[in-house]
Each structure stands twice: as structure tokens, then as C-alpha cells.
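Heads up: the structure comes next, in C-alpha cells.
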Amino acid sequence: MTAAWGLLTGCGVVPALPAPVPTDISGTTQPEPAPTATGNLSPDGFDQAQRMTVRIRNIGCSSLSTGSGFAIDANTLITNRHVVADSADLQLSTYDGRDVAVTAASTASLADLAVVRTAERLPAAPELADHDPTVGDPVTVVGYPLGGRLTVTSGRVTGQTTDPLHQSLGTVLVTDAPVEPGSSGSAALDARGRVIGVVYAKDSAGDSFLVPISTVRAVLADASAFTPVPSCS
């Protein structure tokens, strides 16, 4: 089967520093999902998901890209390697519009993962699941598609496959939860609000792909897995 694969970073040419973070996206017909009892989180879980999720702007030497990330402790967040690569300046903002300064960023060589350290405390951090989900389990994706407003989409784990973009990674999870450019680095959550994976890509059929939590845990446990992100300047 032939399919088009794509990482989920939104890109465009930037002649100057970007405008303030938008509160809405004009011209899009994408609805703003609300928490439900079928696959999305409870109202309390949704609030936790909002607080932990971070919008990322990567200002490169000739372009701007957007992505998402989520806190894993008070001053550390996880995102994708391709979200923070080739950066001259990383800009973070929280769900309530607060800007958060970056002190350091590192990327993993094995998986499409990155760790970003912050100067200020992040609002909240989720629990990481102990095990990968199984086929049929519900999944909720929380992020900033298209660099716009915080969005929650839901679906189910539909399978596993060998990573089509990074062969060294091995097995990744496939879901039918909708994602868009800018969703890279979003947390994928189970029905209890625990992180079960990190969104990094989608294909032409609309399937989304996750670095599974087992891989995330293994990479985080290996201090030698990460190297500092060089500046494109």
C-alpha cells in the first residue's frame, strides 16, 4: 500500500518575529471538540489536560514552525525532536496565554522526542502510564493544531506498525484520533488521563502515529540518549 507520510510541524517563511499567539484561527472549519463520555476526558481530566499542554513556536533562521508539548514535571516538557530542530529561538506559551522562557532543549537520537527545560514553573504535569495501550483502547489527543487554540480530539488505538519514518525506533502505535500540522508533540491520553504516547505524524488516510509510552519511558531513563539542540544561527 502506498501512503503519503508527514510530520506534523506547521511551517512558513518568516521575515520578522511573529505576532502574539493567536486566540483563534480564521478560515478553518475544524470544530472545537468538548469532553465527552466516549473517549474524551472527564471535565476534571480536561482541565488537567489543558494546564499541562504547551504551545511551541520554533523561530528558525529562515522559517517559523509550530508544535505542541506537555509538561512531565514543574520545569520540563516533552515534545518531538523535529519540533525543536534547527532553532534560533524557542517560544513557549501555556493554556492561559502565559509565556514561559526556555533554558535548554535536548533531542533524542533514537526516537522523535525532545526534552525542553523551562525557567518558570509549568502549570501541571500528567501521570505517565505504566504500559502501552492495546488495540481498541480509547485515546485523547490534546494539542495546538495549526498553531491555534487548544484542541481535544478522541479516537481509539487501531493497531501497531513499524515506524514508517524512523526505522530505528521500531514499533509505534496507530490511532484514528484526528491530528493536524502543529499537533506534533501532543500528549495522547488514556481514559484516566494518563499519557500513553506522543503524537509525531499522520498519513494520507488520516491515521495518526504515536511514540508509545514504553519508548518514552525508556528514553527518559537513559541520560545519554539526549544531546543539546544546536542553534541554527
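For this chain, numbers begin at 1 and follow the sequence in order.
Between T53 atom OG1 and L150 atom CG the span is 5.5 Å, to the nearest 0.5 Å. In this structure, the separation between OH on Y200 and OG1 on T79 is 14.5 Å, given to the nearest 0.5 Å. A distance of 11.0 Å separates NZ in K202 from OG in S184, rounded to the nearest 0.5 Å. In this structure, CG in D176 is found 6.0 Å from OG1 in T158, a value given to the nearest 0.5 Å. One finds the CG atom of D99 at 10.0 Å from the CZ atom of R55 (value rounded to the nearest 0.5 Å). D190 contributes atom CG, which lies 8.5 Å from atom OG1 of T140 (distance to the nearest 0.5 angstrom).
Judged purely by atom type and a 3.5 angstrom limit, S186 uses its side chain to pair as donor or acceptor with the backbone of S183. With hydrogens and angles disregarded, no donor-acceptor distance shorter than 3.5 Å links the side chain of D137 to the backbone of V157. Judged by distance alone, with hydrogens and angles left aside, the side-chain atoms of R81 form no donor-acceptor pair with the main-chain N or O of A114 at under 3.5 Å. Here the side chain of N58 pairs no donor or acceptor atom with the backbone of L64 at under 3.5 angstrom. Between the side chain of Q91 and the backbone N or O of I56 there is no donor-acceptor pair closer than 3.5 Å. No donor-acceptor pair closer than 3.5 Å links the side chain of D163 to the backbone N or O of T171. A donor-acceptor pair is defined here as one N or O able to donate and one able to accept, closer than 3.5 Å; no such pair exists between the side chain of T151 and the backbone of Y144. Looking at D89, its side chain never comes within 3.5 Å of a backbone N or O of I59 through a donor-acceptor pair. Side-chain N or O atoms of Q48 include one that pairs as donor or acceptor with a backbone N or O of A125 at under 3.5 Å. Not a single donor-acceptor pair under 3.5 Å links the side chain of T76 to the backbone N or O of I72.
For the residue pair P178 and S154, the shortest heavy atom distance occurs at CD-O, 3.7 Å. Closest approach of L189 to I196, counting heavy atoms only: C-CG1, 4.0 Å. Taking each heavy atom of A129 and I213 in turn, the nearest pair found is O-CG1, 3.5 Å. Counting all heavy atoms, side chain and backbone alike, A187 lies closest to V195 at CB-CG2, 4.3 Å. In this structure, V199 and N80 approach most closely via the heavy-atom pair O-OD1, 2.9 Å. Across all non-hydrogen atoms, the minimal contact from G60 to C232 is C-SG, 3.8 Å.
Taking D96 as the reference, nothing meets the salt bridge (charged side-chain N to carboxylate O under 4.0 Å, His left out) condition, with sequence neighbours excluded. Evaluation of the side-chain hydrogen bond (donor to acceptor under 3.5 Å, both in side chains) rule for S214 yields D132 as partners, not counting sequence neighbours. Not counting sequence neighbours, the partners of S106 by the side-chain contact (heavy atoms from CB on, under 4.5 Å) test are F226.
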Tell me, with the steps shown, if V84 and V116 meet side chain to side chain contact (heavy atoms under 4.5 Å, CB included).
CA-CA 9 Å; V84 301; V116 180; 4.1 Å; yes
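Sequence neighbours left out, the pairs with a member in residues 216-232 that pass salt bridge (Lys or Arg N to Asp or Glu O under 4.0 Å) are D130-R217. Contacts classified as salt bridge (Lys or Arg N to Asp or Glu O under 4.0 Å) and involving residues 204-215 (residues at least two apart or in different chains) are not found. Evaluation of the salt bridge (Lys or Arg N to Asp or Glu O under 4.0 Å) test over residues 62-76, restricted to residues two or more places apart or in two chains, returns none.
Side-chain atoms of T161 and V172, non-hydrogen and from C-beta on, do get closer than 4.5 Å to each other. Looking only at side-chain heavy atoms (C-beta outward), R117 and N75 stay at 4.5 Å or farther from each other. Looking only at side-chain heavy atoms (C-beta outward), F209 and V174 come within less than 4.5 Å of each other. Counting heavy atoms from C-beta outward, R194 and P126 have side chains that stay 4.5 Å or more apart. Under the 4.5 Å side-chain criterion, counting only non-hydrogen atoms from C-beta, L77 is in contact with L92. Contact annotation: the side chain of L210 never approaches that of V198 to less than 4.5 Å [non-hydrogen atoms, C-beta and beyond]. Side-chain contact check for D112 versus H82: some heavy-atom pair is nearer than 4.5 Å.
The neighbour count for R121 CZ, taken as heavy atoms of other residues, nucleotides or ligands under 6.0 Å away, does not exceed 12.
Between S208 and T175, the side chains place a donor N or O and an acceptor N or O closer than 3.5 Å (distance only, hydrogens not considered).
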